[in-house]
Amino acid sequence: MIELKNITKTFTGKQGNIHALKDVSLSVDQGEIFGVIGYSGAGKSTLIRCVNLLEKPDSGSVKVNGVDLTTLTSGKLREARSHIGMIFQGFNLLKTATVYDNIAIPLKLTGLDKKEVKSRVNKYLEIVGLSEKQNAYPAELSGGQKQRVAIARALSHEPEVLLSDEATSALDPDTTEAILDLLLKINKELGITILLITHEMNVIQRICDCVAVMENGEIIEEGRTKDIFTSPQHSTTKRFVNSLFSHDIPDDLLEELSESGQVATLSFFGESSGDPALALVTKKYDIFPNILSGNITRLKDEAFGQLLVHFKGDTAEIHKAIQFLQEKQVHVEGVTLNERHQRIS
Ligand SMILES: Nc1ncnc2c1ncn2[C@@H]1O[C@H](COP(=O)(O)OP(=O)(O)OP(=O)(O)O)[C@@H](O)[C@H]1O
């Protein structure tokens, strides 16, 4: 649905050239929610703004639904953009217009008749749960309500793609949850493909099917969210994952436990796959697993659990037990002093 190929973008400032995007390629399938995460200055905003050509890349192609936007005349580009909605951290509402008019005015500008405008405003205000606020002004709304208006405005153009530029970054945690639920509903019920940028890993965890991690204008890692969470490779990706699930164990304790066995992080999906596998291990092998810490959460709509376990026993037995767990679809990462998250294979 969205295909960026070899995108580069350089800004020239007082300090010299800033290479905001260096040969970035990205592919988002129809119906997916795809998240791009990175720290400040990584190039996320520049990237998402390239998708609807708010920012024109220096080179590379930007295909949305098979059409390369970089080759279009301004008239055709305007038409193509109408299929791409966008929401922003700062909502971008007209302060002097009511909620109704914030949605209606851009619709009227596209040439829709009054009746159709009214029907769309009502439809999308209902979808975002804000019908009763249609006569309010933005100043009378909470941040979450303002973002709902912005979402209704974007949806009213009936786009195939919704771009979200840090849409929840200015919101408190509860409001963030509610807006993320709304994005999930829009994706599921209206079939809209969503590309979002964020610096918050919980946004990726809650709603994204796929994730790309950006640093210094490049994508340093990407994949299915569950694979990135279970086996992050790059140190920056590990920092993002650890910002949600940290099983920190002091170095001296890790050293002490490593003398009598192996410390490992076990990751598993599904409500109960981890526990029975671990129970079976104690029956089958001559080892003693001791759970040091654990948590369970959801990755989108799937349960995701992690346990930090000390396997006490003979090295060969531990190795066999770990192989057994891996056969049971439990992902195992060894935790050692040298490389605290080295994969055991
Ligand atoms: N219009 C511009 N002129 C000059 N430099 C720019 C411009 N826009 C972005 N940059 C620079 O490009 C780099 C990437 O910026 P970008 O805003 O894309 O990053 P980001 O990951 O979205 O960061 P943040 O989360 O802080 O918004 C930064 O070094 C930024 O200063």
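Every number for a ligand or one of its atoms is a count from 1 in the order of the listing.
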For atom 19 (O) of ligand 1, the closest protein heavy atom turns out to be Gly43 N, 3.1 Å
How close does the nearest protein non-hydrogen atom get to atom 25 (O) of ligand 1, and which residue and atom is it? Lys44 NZ, 3.0 Å
Indicate whether any N or O donor in one side chain lies under 3.5 Å from an N or O acceptor in the other, for Ser267 and Gln306. yes
The protein heavy atom nearest to atom 23 (O) of ligand 1 is Gly41 N, 2.8 Å
Among all protein heavy atoms, pick out the one at the shortest distance from atom 26 (O) of ligand 1; state its residue, atom name and that distance to 0.1 Å. Ser40 OG, 2.5 Å
Asp68 side chain vs Ser61 backbone, donor-acceptor pair below 3.5 Å: no
Within the distance-only criterion (no hydrogens, no angle test), does the side chain of Ser258 pair as donor or acceptor with the backbone N or O of Leu254 below 3.5 angstrom? yes
The atoms of ligand 1 lying under 4.0 Å from a heavy atom of Tyr39, numbered in the order shown, are 21 (O)
Does even one non-hydrogen atom of Gly13 get within less than 4.0 Å of ligand 1? no
Regarding atom 18 (O) of ligand 1: of the candidates Asn216, Thr46, Thr198, which has the closest heavy atom? Thr46
Look at atom 12 (O) of ligand 1 and say which protein heavy atom is nearest, naming residue and atom and giving the distance to 0.1 Å. Ala20 CB, 3.5 Å
What is the closest protein heavy atom to atom 30 (C) of ligand 1, and at what distance does it sit? Ile18 CG2, 4.7 Å
Can you tell me if Gly38 has a non-hydrogen atom under 4.0 Å from ligand 1? no
Report yes if some heavy atom in the side chain of Leu257 is under 4.5 Å from a heavy atom in the side chain of Ile249; otherwise report no. yes
side-chain hydrogen bond (donor to acceptor under 3.5 Å, both in side chains) partner of Ser59, chosen from Asp23, Asn6, Thr8: Thr8
Atom 9 (C) of ligand 1 [closest protein heavy-atom partner, distance rounded to 0.1 Å]: Phe11 CE1, 3.4 Å
For Gln233, does its backbone N or O pair with a side-chain atom of Thr237 as donor and acceptor, under 3.5 Å? no
Under 3.5 Å, side chain of Glu221 to main-chain N/O of Val213, donor-acceptor pair present? no
Sidechain-backbone polar pair: His234 side chain, Ile220 backbone, donor-acceptor under 3.5 Å: no
Ligand 1 to Ala42, heavy atom cutoff 4.0 Å, flagged ligand atoms 19 (O), 20 (P), 21 (O)
Provide, to 0.1 Å, the distance between atom 17 (O) of ligand 1 and the closest protein heavy atom, together with that atom's residue and name. Ser45 CB, 3.7 Å
Atom NZ of Lys185: over 12 foreign heavy atoms under 6.0 Å: yes
